Structure formats: C-alpha cells, structure tokens
Protein chains: 2
Amino acid sequence: MALGDAILACLTERPMTGYELAKTFDTSIGFFWKADHQQIYRELSKLRDRGHVQAREVVQTGKPNKLVYTLTSEGRAALKHWAARPSRPASIKDDLLVRMFALGDVDMDALRADIMARLEHHRDRQARFERILAKRFPDGTAAHADLGKLLNLRLGVRHERAVVEWCEEALEVLSGGAATSNVTPIGEGPREGKA
Amino acid sequence: MALGDAILACLTERPMTGYELAKTFDTSIGFFWKADHQQIYRELSKLRDRGHVQAREVVQTGKPNKLVYTLTSEGRAALKHWAARPSRPASIKDDLLVRMFALGDVDMDALRADIMARLEHHRDRQARFERILAKRFPDGTAAHADLGKLLNLRLGVRHERAVVEWCEEALEVLSGGAATSNVTPIGEGPREGKA
DNA sequence: GACGCATATGCACCTTTGTGCATAAGGTGT
DNA sequence: ACACCTTATGCACAAAGGTGCATATGCGTC
C-alpha cells in the first residue's frame, strides 16, 4: 500500500488532479517512484473510499471535468501513522545485474552496449538532479518542510554518481584489454565532480 | 518474467533444487533480487512447463524427495535471448524517500530513528560485500565467467557506500542544530574507505 | 514429551503492477 | 480533411509478487 502513501505525500504540497499527480510521478517524486496514470486513478478511488482524500469536481468546457483531490485530516493522520513505522530497505532488482551474474552465457557485445546505454542514462539523471538542486536550492539551504526534497535530490546525485562510476569500471573491465586486472579500491579513482 | 530469468541465471552455475535456489536468493544473487521459496517453486514449475529447466527426482529417506533442476539448452538459449534485449533501469521505490518527501507531516524522532537503523543496515551490507570480495576475489581478479559476480559485488559496495554517506548527511542536516545549512558539495567529505 | 529448527515441496488467496483499450474535445500541423 | 498531441478519466484483464498455511520427518534441546 505504499503507492497510496506516496500519493498522500504528494498531496501534502497542494491539492491536485489525477492527471497532475501522474505528471508529478513523472518528475519530482517519480524519480524514485514510478507509477502510470492508471495506477494513480485506481489508487485515488481507493483513497477516496477510505476517506483519506476528498474529490471536488471542477467543471471545464472543451475538456472532461477534472477531479481535484484534497488531502483530508484523516489522510494526513494515516500518512503520519504510516510514516511512523520503520521503513524497510528496498532491494535493487535490476535486470542488468542478473545479466552480469550469468555473464558466461550472455552476448558480450550486447551487454557492453547495454552498459553504455545505462551509463548515459545515469549521467543524464545525475546532471538533471544537479540542475534541479542548483535551481531549487541555490544556497544548499531549505526551509524545514523542504529539507526532505533537498536530501532526496542529494541521494539521487549520490546514487547516480555511484552507478556512473560503476558503469565506467564495468566497461573498462569488460573491454577485453586489461580484462581481468587493474581493479583499484573503490573511492580512489579520478573524481570530476564540482571539485 | 524477470524472476524466471534470474533463476535461469542461477542455474548456469550448477543444477539446484528449489530449496537451494531459495538459499541462493538469500545470499549471492539475493543481495539484489529478493524472492522467497514460494515464488521460486512457482516459477520453477512454469520454467519446467516451458522446457527451460528439467527436473530430476532424487529419492531421500527421512526427508521429502528433492527435485534437482537442470538448465536445458532451451533454457540457456532463452536466457541468452532475454539478456540480448536492452535492460531497463529499475526505479528505487524506497519508503524512506516518500517519508522524506512529506517531511513536514512526519514525526521527526521516528524519522531520525529510521534513518539511523538504515545507516546501520547499509553499513552492514557494505562490510559484508567487502568481506565477500576479499574472500572470493582476493587479488581483484576473476576468470571471465566470474567477472560479473565481481562487478556486482563492487556495485554493491559503491551503492551501499553512497547510501551510508547520505544517511550520515541526512542525520546531520536533520539533527536540528545546523539544520538548514552546511551542505557541502557531494564527493568532498572525509572518506574512510581503504585509503 | 513438547518445541523448535532444518530439510523439502507446494496450494490458495490477495495485493500490486503492467498493458491495452475506450471516451471526449480542442488545438496544431500538413 | 485527416492525423496527431494534450488534457482528463477510467475499465478489463493478465502478470508478478507477497502472506499465510499445509505436509512430512529427523535431530537436538529444554
């Protein structure tokens, strides 16, 4: 039932329609929690049934009427209650790692291409997070309620950076050349960050 | 259908029973892919129906007979085929990040306690990965077929290290004291690794 | 002797997630 | 005129994942 709570968390910011929530899940909170619009609409109905959100219909012309969902006090309490229990660490569950595990039975060229694509993907995300950080929190400071968002972005940067470094290492190791050696202790390599 | 492929990947090492696979999913490959025994047995039946694995019954006394599953050539081909398509990056989906996002509506003491528990958890995992690395790959070298396992462990170390550093940062920022400031560029802090 | 633990397999149910499709209207491009 | 994108909501079905329970037995231990 974590998606429901993620939606409640979004609605603490401001009331939103399902459509807006879907977009939010494509950007800010969606960086670490993917959900498409069907899931969100379904979950919203459930939350409404439980009384955690309240829907207000806004009549529109030309477009279908929209339902603006507001967090109720019950919803806020439910979120607080949920947040009070210890979280459990999520597992990584990445296809690529399964491929790596069975590296002996895998086409190496495809694997290398895959890692290269991933490298770009994670570089992109790292850059995106850094851009958002610089824009939303230019002094590295935030009001209390926004501290979590700042920290989430910083985790994003750290995580993507770690994966980027790993992709680079993997490509080097798998390049065939110095294949089986020259692995250096982690955290020693050149570091081109904002140094 | 990724769990099925993860099982096939495990079986490239050697034939195993469902029970052994469940244990494997608790240790090596399970560091990044959790699955309990029910899931594994279910998936094994499916894989057998598809002809990707073959079951051989081994009669035992005192214990229920066991079914040793062997990867068939069809299974190996299916794995290869699956591995050839580009992987898609997994999202993080961590409860803790949702809590952080809604930080204004959350009990701060519980949140801090949660982060502290996580810090320990990730430190443990980092240490475990480093221990396994040192034991299985003492020279940082591996035969081709094992390179993926080495790299996976090194990703594990990198990932856990990133999260550990973030937990420390989060605790500092949320400690109330210098609450809203003193965030330094990432990748600059003291680094107590094997330096 | 009762209790739990390791070995070994599995069913049934429920929740969560993913995919495809449907509706509805205005705007933009060709 | 027709195709396609954006806004806005939703159903139906299938696949995947998680929880609890059931079975069977030998071994150690309290």
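Each chain gets a letter, A, B and so on, in the order the sequences are listed, and its residues count up from 1. These figures come from a predicted structure and were not determined experimentally.
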**Request:** Nearest whole angstrom, please: distance from the P of dG18(C) to the NZ of K34(A).
**Result:** 11 Å

**Request:** Specify the separation, in whole Å, of atom CZ of R56(B) and atom P of dT9(C).
**Result:** 12 Å

**Item:** Base dG17(D) paired with Q39(B) side chain (donor-acceptor, <3.5 Å)
**Value:** no

**Request:** Check whether NZ of the Lys or CZ of the Arg R99(B) lies under 6.0 Å from the centre of the six-membered ring of W82(A) and within 45 degrees of that ring's axis.
**Result:** yes

**Item:** Residue whose closest nucleotide on DNA chain C lies nearer the 5' end, R88(B) versus K23(B)
**Value:** K23(B)

**Asked** Which part of the nucleic acid, if any, lies within reach of N65(B) when heavy atoms closer than 4.0 Å are counted: base, sugar-phosphate only, or nothing?
**Response** sugar-phosphate

**Message:** Could you go through E74(B) and H52(B), starting from their C-alpha distance and side-chain angles, then the distance that decides it, and tell me whether this counts as side-chain hydrogen bond (donor to acceptor under 3.5 Å, both in side chains)?
**Reply:** CA-CA 5 Å; E74(B) 289 87 3; H52(B) 291 175; over 6 Å; no

**Asked** Expressed in angstrom and rounded to an integer, what is the separation of I7(A) atom CD1 from dT17(C) atom P?
**Response** 10 Å

**Message:** Any side-chain N or O of Y41(A) below 4.0 angstrom from OP1/OP2 of dT9(D)?
**Reply:** yes

**Sub-4.5 Å side-chain heavy-atom contact between L11(B) and L79(B)** = no

**Prompt:** Quick one: CD on E169(B) to CZ on R158(A), what's the gap to the nearest 0.5 Å?
**Reply:** 5.0 Å

**Whole-Å distance separating the NZ atom of K66(B) from the P atom of dA6(C)** = 17 Å

**Asked** Can you tell me how far C1' of dT25(D) sits from OH of Y19(B), to the nearest Å?
**Response** 13 Å

**Prompt:** Side-chain donor or acceptor of R42(B) under 3.5 Å from a matching atom on the base of dG17(D)?
**Reply:** yes

**Message:** Using whole Å, what does the distance between atom P of nucleotide dA15(D) and atom CZ of R50(B) come to?
**Reply:** 10 Å

**Asked** Does I7(A) belong to the same Ile/Leu/Val/Met/Phe/Trp/Tyr cluster as V68(A), with side-chain heavy atoms less than 4.5 Å apart forming each link?
**Response** no

**Asked** dT23(D) C1' sits how many Å from H37(B) NE2, rounded?
**Response** 11 Å

**Message:** Between P on dA8(D) and CG on D36(A), what's the gap in Å once rounded to a whole number?
**Reply:** 18 Å

**Request:** Please state whether the base of dG17(D) and the side chain of Q38(B) form at least one donor-acceptor pair under 3.5 Å?
**Result:** no

**Message:** Of the listed nucleotides (dA16(D), dT7(C), dG17(D)), which one gets closest to any side-chain atom of K46(B)?
**Reply:** dA16(D)

**Message:** What's S45(A) touching, base or sugar-phosphate or nothing? Going by heavy atoms closer than 4.0 Å.
**Reply:** nothing

